[in-house]
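Note that the numbering runs from 1 along the sequence shown for the chain. Basis for what follows: all heavy atoms, side chains included, without hydrogens, waters or symmetry-related copies.
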Amino acid sequence: METWIMGLWEVCVNQEEVATVCKAFESFLSLPRELQASRILMVTSHGLGLLGLLLSGFGAECFQFHGTKWVFKMQLCLLGGTLEASASAATLFPVSWVAYATIQDFWDDSVPEIVPRWEFGDALYLGWAAGIFLALGGLLLIFSSCLGKEDVPSPRMAVPTAPPSCAPAGESDSSFYLMPRPRSLVI
């Protein structure tokens with residue numbers, strides 16, 4: 001009993017009692033069109049997802065730059081969410097196209113019975129799940145940045161207080177300072 005497995009980068013034959021033998025595709029141009037487009041779109045999806053993750057990370061409330069405005073951080077989150085949603089589309093399109101081509105080839109009566117029939121593998125289901133999670137994450141980032149209030153700092157941020165007692169009042173540089181809590185002595 002043999003199972004044929006085709007991925008984006010190699011094709012494998014799994015023989016039940018012997019072993020699994022894999023061979024990389026020899027030429028990009030010899031691949032079917034759906035695999036050529038899928039390779040390009042999946043690499044694009046990885047790049048868009050990584051860029052969206054980095055931009056939304058820089059736009060997060062916990063990441064602080066000196067003098068960064070909240071509107072700019074919200075725009076970074078919005079751009080990161082848009083890139084994540086684009087990565088979702090770049091993932092779901094090739095996965096669904098390969099699934100469609102697999103179904104068409106499986107039920108094609110003109111293909112002789114000797115030729116192996118391809119079936120859905122784990123990678124297709126993982127691709128659909130990844131595309132859905134990318135879409136949910138991107139939409140969550142977009143909606144959170146659109147529903148956020150402009151120019152309002154987070155409640156976790158320090159409230160402007162008086163400068164430390166060692167600096168004269170006239171030399172305040174309008175920075176944020178956290179005042180130490182007085183400790184009570186328990187006997």
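None of S38, S86, S45 except one satisfies the side chain to side chain contact (heavy atoms under 4.5 Å, CB included) rule with T91; the exception is S45.
The heavy-atom pair separating V95 from G127 by the smallest distance is CG2-CA, 3.9 Å. Taking every heavy atom of both residues into account, P94 and M42 meet most closely at CG-SD, 3.9 Å. Here the closest non-hydrogen pair linking L141 and G81 is CB-CA, 3.7 Å. Residues A87 and L48 approach most closely at CB-CB, 3.9 Å, considering heavy atoms.
I142 and L53 fall into different hydrophobic clusters, where Ile, Leu, Val, Met, Phe, Trp and Tyr side chains are chained together by heavy-atom contacts under 4.5 Å. Cluster membership for L51 and L134, using ILVMFWY side-chain heavy atoms within less than 4.5 angstrom, is not shared. There is no path of hydrophobic side-chain contacts, each under 4.5 Å, that joins V18 to V21.
With contacts defined as side-chain heavy-atom distances shorter than 4.5 Å, the pair R39/W9 qualifies. The closest side-chain heavy-atom distance from T20 to V13 is not below 4.5 Å. Side-chain contact between S88 and L139 is absent, with no heavy-atom pair separated by less than 4.5 Å.
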Begin from the C-alpha positions of L83 and L55 and carry the test side chain to side chain contact (heavy atoms under 4.5 Å, CB included) through to its verdict.
CA-CA 9 Å; L83 289 174; L55 288 177; 3.7 Å; yes

Working for side chain to side chain contact (heavy atoms under 4.5 Å, CB included), residues E34 and Y100:
CA-CA 10 Å; E34 65 267 5; Y100 174 77; over 6 Å; no

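Screening residues 20-55 for ring pair (Phe, Tyr, Trp, His ring centres under 6.0 Å), with sequence neighbours left out, gives no hits.
Without hydrogens or angle criteria, E84 side chain to A135 main chain gives no donor-acceptor distance under 3.5 Å.
Take Y125 and apply the ring-ring contact (aromatic ring centres under 6.0 Å, His included) test, not counting sequence neighbours, and it matches W128. Considering only residues two or more places apart in sequence or on other chains, F93 meets the ring-ring contact (aromatic ring centres under 6.0 Å, His included) condition with W97.
For the atom pair CG (L140) and CZ (F133), the distance works out to 13.0 Å, reported to the nearest 0.5 Å.
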